[in-house]
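Let me begin by presenting the structure, written as structure tokens, before commenting on it.
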Amino acid sequence: MVGVTVAPWPSVDNSMCKHCGAHVTDHFSRVFGDNHNRAHRCGDCDTYARLSRGSAAGVDVSIPDPETSPGRHGGETDV
């Protein structure tokens with residue numbers, strides 16, 4: 001007789017940001033990610049203000065994106 005064990009967690013790897021490819025923790029994906037625990041943005045490519053309003057879950061937020069609005073939220077390099 002063969003025993004089969006079913007893992008209590010999904011076998012899908014959600015440890016990468018879908019936007020920039022940076023590593024994200026399982027906890028970050030569960031807290032900030034979408035309903036499937038996938039992070040669409042992370043702290044490496046977005047600001048906390050945007051992440052906390054839903055950008056990590058793939059939601060469009062009204063705060064300017066630091067990648068498309070230079071100088072916003074530290075997006076511009078020092079001169």
Side-chain angles (χ1 to χ4, degrees):
M1 178 184 253
V2 176
V4 177
T5 303
V6 177
W9 56 86
S11 61
V12 177
D13 182 17
N14 291 329
S15 64
M16 292 179 63
C17 171
K18 296 190 126 340
H19 183 76
C20 71
H23 173 75
V24 293
T25 64
D26 291 338
H27 181 73
F28 180 89
S29 296
R30 279 192 313 271
V31 173
F32 292 103
D34 62 16
N35 291 337
H36 301 286
N37 296 334
R38 295 176 300 211
H40 295 260
R41 298 293 292 261
C42 70
D44 286 352
C45 61
D46 213 346
T47 63
Y48 179 74
R50 287 175 46 84
L51 293 172
S52 65
R53 287 169 177 81
S55 69
V59 175
D60 288 330
V61 296
S62 61
I63 298 171
D65 187 337
E67 289 185 349
T68 58
S69 299
R72 300 287 302 185
H73 310 289
E76 187 174 297
T77 59
D78 291 337
V79 181

Heavy-atom pair of closest approach, residues S52 and A49: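 Minimum heavy-atom separation between S52 and A49: OG-O, 3.2 Å.
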Exercise: identify the closest heavy-atom pair between V61 and R53: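 Heavy atoms of V61 and R53 come nearest at CG1-O, 3.4 Å.
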S29-N14 side chain donor-acceptor pair, cut-off 3.5 Å: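 No, no side-chain donor-acceptor contact under 3.5 Å.
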Distance in Å, R50 CZ paired with D60 CG, rounded so as to fall on 0.5 Å steps: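 That separation rounds to 8.0 Å.
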Those residues that, when tested against D34, pass side-chain contact (heavy atoms from CB on, under 4.5 Å) (two or more places apart):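 By the side-chain contact (heavy atoms from CB on, under 4.5 Å) rule, D34 matches H36, R38, H40, A57.
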Expected output: side-chain S69 to main-chain P66 donor-acceptor under 3.5 Å: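 A pair under 3.5 Å: no.
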Within-4.5 Å side-chain heavy-atom neighbours: R41 and D65: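 Counting from C-beta outward, R41 and D65 do come under 4.5 Å.
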Linked hydrophobic residues, V24 as query - side chain contacts closer than 4.5 Å: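 Besides V24, the hydrophobic cluster comprises F28, V31, F32, Y48, L51, listed by chain and residue number.
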